[in-house]
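Below: one structure, written as structure tokens.
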Amino acid sequence: MMMRIWNNILFLFFLILVTSQFSFARILEVGQDKQFKSILAALDSSMDGDTFRIYKGVYTEGNISIDKSIIIIGIDRPVLDGKIEDEIFSVKASNVTIKGLEFRNCGRQVMKDPAAIKVYGQSHVIIEDNVFHDNYFGIYLQHSEHCLIKNNIIEASQKRESQSGNGIHCFRSDSLQIIGNQVFGHRDGIYFEFVTETLIWRNVAHDNLRYGLHFMFSHSNAYIANYFKNNGAGVAVMYTKRVTMIANTFEDSWGDGSYGVLFKELSDCYLSGNTFINNTTGIFFDGTNRITMERNTIKGNGWGVRLQANCLDNKFIDNNFMGNTFDITTNGTLVENFFDGNYWDKYEGYDLDKDQKGDVPYHPLSLYAVIVEKNPPAMLLYRSFMITLLDKSEKILPSLTPENFVDNRPRMIPHKL
Amino acid sequence: MIKVENITKQFGKFKALDDVSVHMNQGECIALIGPNGCGKTTLIKSILGMVLPQEGVILFDGKSIKNDDIYRNQIGYMPQIGRYPVNMTIGQVITMIQSIRNQQGELDFDLYNRFELDKMLEKRMGTLSGGTTQKVSATLAFMFHSKVLILDEPTAGLDPIASEILKEKNH
Amino acid sequence: MINVLKFVALDILKNKIVIAYAVMLALFSWSAFSLEENEAKGLLTVLNIVLLTVPLVSVLFSTIYVYNSSEFIELLVSHPVKRSKIWIALFIGLSAAMSLAYIIGTGIPLLLFADFATAMMMIVSGCMLSMIFVAIAFLCSILARDKAKGIGISIMLWLYFALLFDALVLFLFFQFSEYPIEKMVVGLSALSPIDMTRILILLRMDVSAMLGHTGAIFKNYFGTNWGLIFSFGLMLVWILVPFLISLKKFVNRDL
């Protein structure tokens, strides 16, 4: 009996607590025939915890500085137009949610880096289900934490890199979640500098002018199931430790100086289940250490993997190399990297004990690859009959390619990935 | 009609013709006689323009034959050893020469009929015996009523009957 | 000349080797396009075939054919036909036959599988390549009276253009790797019709990105419209020079 009374009291107390919260948080409606005609007017009379319902229409209110913890919800996707003059939303409070809006034409002053939404050193900001059209920067986070950027479509149509900012730009931030966004036509699709402990999941970046994904000094991030296609220079990531990349696709980066992925000065990273397909260079390793690459597909690239001589202790295990012009090249001779159990479609060995591993070690480095690495103009002889002969004779009697560049257990059939 | 003046022809070190001059007139019948390798065929080939002498000129009707081919319309030539494209038939060879000569007026089918070439028009030149080849050569030489006939060892390889026919034709 | 050409053409058309050549090209091209997983790879395979077999067959067949035509030539020169006409008729006949075999064998699958501009480019340059090596064959057969010797020379020349020239270029790359030799190399590759054809076609394909800096220079020189006209002009020179030399020699030759 006592127990029950206590329970009821507790429940009542809880009820009072909850309803009091509601009584403080109001809903402010913004629209032509609503309580507030403009967002700025609504902001003036709002308090932390209020919810804005912004109705359909075009709002050109210049810069809107959000300095209260409010929830902004667009009804029927209202449009906020910056008229190529201002930053549209400057978020200067934590716990802000921005949802269901369309942002257009933010300013383009290069020195100020204006963005459609810029978050200034806040936390728990949620930016969800918005559309960004022809902005300089799309979403710009600096010194922020625990923010969520989800399911936004961020698009721009500038032709020149200098006229375009990045789609999602994060600087000195931590513990972000970037999920399910689509970015195209910007300078870089997703750009990180000093961003840590962040999850990047299911994003698509295609047809950006420079890189689909570009980060540096951004440690301990995980990139999962993202899709990068046809970006000007592919993907380039630098000066970072502990990167995890799983099930991403890097596709169609064709062009001189264009890479599926460029790894520069990366260490202690793990790559698995990724697909590198139809790039001039699938993966370029420059000064990378202790990277484990397993069960990835490297297919149809000009160069599958380019491993510079300054790379150490990298492991290539159980990957599929298929249809690349050169599976792998290096500019060095002393190779401290490890290959095991990969499938190479150019392997011509046999498997007598039927363990699916070839009985003859495979040297994936072709003579022509070595020649081109030392002497790039020799690429002009590509597909010449003489080169074919040279490669064949080198395969039979290796003399110039490094002996320790070897996969001792090449797989006979492709891994099912 | 044909004037050969001071021609010299040298094959390597071997001098086949050394300052040879001959004048031949219309209606004349001239026989070149000499041992093997004395230059009879070389002289004939020079007149036909097949061999180009190093020195001297050959005039046909008063015009130099150098860089000219029209004058050959007036020559019927029967080589010593006729060499013909092996894959062509007798009929094709005769048709081809007719179309190249493109001569107006009646053609002389006398030898053609007497050698009975019409019975072997489908035979390929490569399969013919030396004698039959010579029959084709003779037929072609006489076919166009040429003003000049050059016959190089005409009866060599012909059977007695055929050579009689040819001798008769020459008269 | 039309008269002579008619008989030459008839004779070549009867030749089973030209038909076999066309069939072989067709077999290779069709299988390349249907076996390779995408059109670009098929194109590369076809390119390899074209660069290897077209010159070889053109030069070898033409050399042998010209030697075998000696009776035909001898028969005609005693009749009122200009020597140059006989030689030109032979050349046109052989060039047309080799080009036709190429167009039927490789051109048709190219037009069906590859994009039109690339296909046309490959057809035109393949025909030019055929003619270049027919011209080279004429030169070979006029240089040596002996058939075996002439065929030997023609094979050597093919080997030189298909193989040795590239080896020479590679050697130069290594000898002068310290110097900016890209432009020189681009100029050098214009000296080999096979190389020029190969690079011109590669530049039209995706792999051009792999050709890097040197490829870019080549593209700047030869890839533009004027460059294309220039490079086809250069190939025309490759046809005309050997042929005209052989023609001059043929006209002044004892038969």
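Each chain gets a letter, A, B and so on, in the order its sequence line appears, and its residues count up from 1. Only a predicted model underlies this, so the values are computations on that prediction, with no experimental measurement involved. Both backbone and side-chain heavy atoms feed into the values below; hydrogens, waters and symmetry mates do not.
Within a 6.0 Å radius of CD1 in B:I161, other residues, nucleotides and ligands contribute 12 heavy atoms or fewer. Heavy atoms from other residues, nucleotides or ligands lying under 6.0 Å from CD of B:E28 number more than 12. In this structure, B:F11 places its CZ atom where more than 12 heavy-atom neighbours from other residues, nucleotides or ligands lie under 6.0 Å away. Around CD1 of B:I81, the count of heavy atoms belonging to other residues, nucleotides or ligands within 6.0 Å does not exceed 12. Around NZ of C:K147, the count of heavy atoms belonging to other residues, nucleotides or ligands within 6.0 Å exceeds 12. With a 6.0 Å radius and a threshold of 12 heavy atoms from other residues, nucleotides or ligands, C:K14 has its NZ atom above the threshold.
Contacts between C:F7 and chain B at a heavy-atom distance below 4.5 Å involve the side chain alone, from C-beta outward. Contacts of C:D11 with chain B are made by side-chain atoms alone, with heavy-atom separations under 4.5 Å and no backbone atom involved. Residue contact with chain C, scored on non-hydrogen atoms closer than 4.5 Å, is absent for B:Y71. For C:R253, the part sitting under 4.5 Å from any heavy atom of chain B is the backbone (N, CA, C, O) and nothing else. Contacts of C:I73 with chain B are absent, with no heavy-atom separation under 4.5 Å from either backbone or side chain.
Between C:K82 and B:D69, the closest heavy-atom pair is CG-OD1, 3.1 Å. Scanning all heavy atoms of the two residues, the minimum distance from C:P80 to B:N73 falls at CG-OD1, 3.2 Å.
By the side chain to side chain donor-acceptor pair (under 3.5 Å) test, C:D254 pairs with B:K9, sequence neighbours left out.
Close approach to chain C, defined as a heavy atom under 4.5 Å from one of its heavy atoms, is seen in B:K45, B:L48, B:G49, B:M50, B:V51, B:L52 of residues 44-55 of chain B, taken by number. The contact list for residues 82-93 of chain B toward chain C, using heavy atoms and a distance under 4.5 Å, reads B:R83, B:Y84, B:P85, B:N87, B:M88, B:Q92, B:V93 by residue number. Within residues 116-155 of chain B, no residue approaches chain C closer than 4.5 Å by heavy atoms.
Note on B:T95, B:I70, B:I100, B:N67: by heavy-atom pairs under 4.5 Å with chain C, the leading option is B:I100. Heavy-atom pairs under 4.5 Å with chain B peak, among C:N15, C:V251, C:N68, C:N252, at C:N252.
Looking at B:R101, its side chain never comes within 3.5 Å of a backbone N or O of C:H79 through a donor-acceptor pair.
Rounding to the nearest 0.5 angstrom, the gap separating the CG atom in C:N3 from the CE atom in B:M96 is 9.5 Å.
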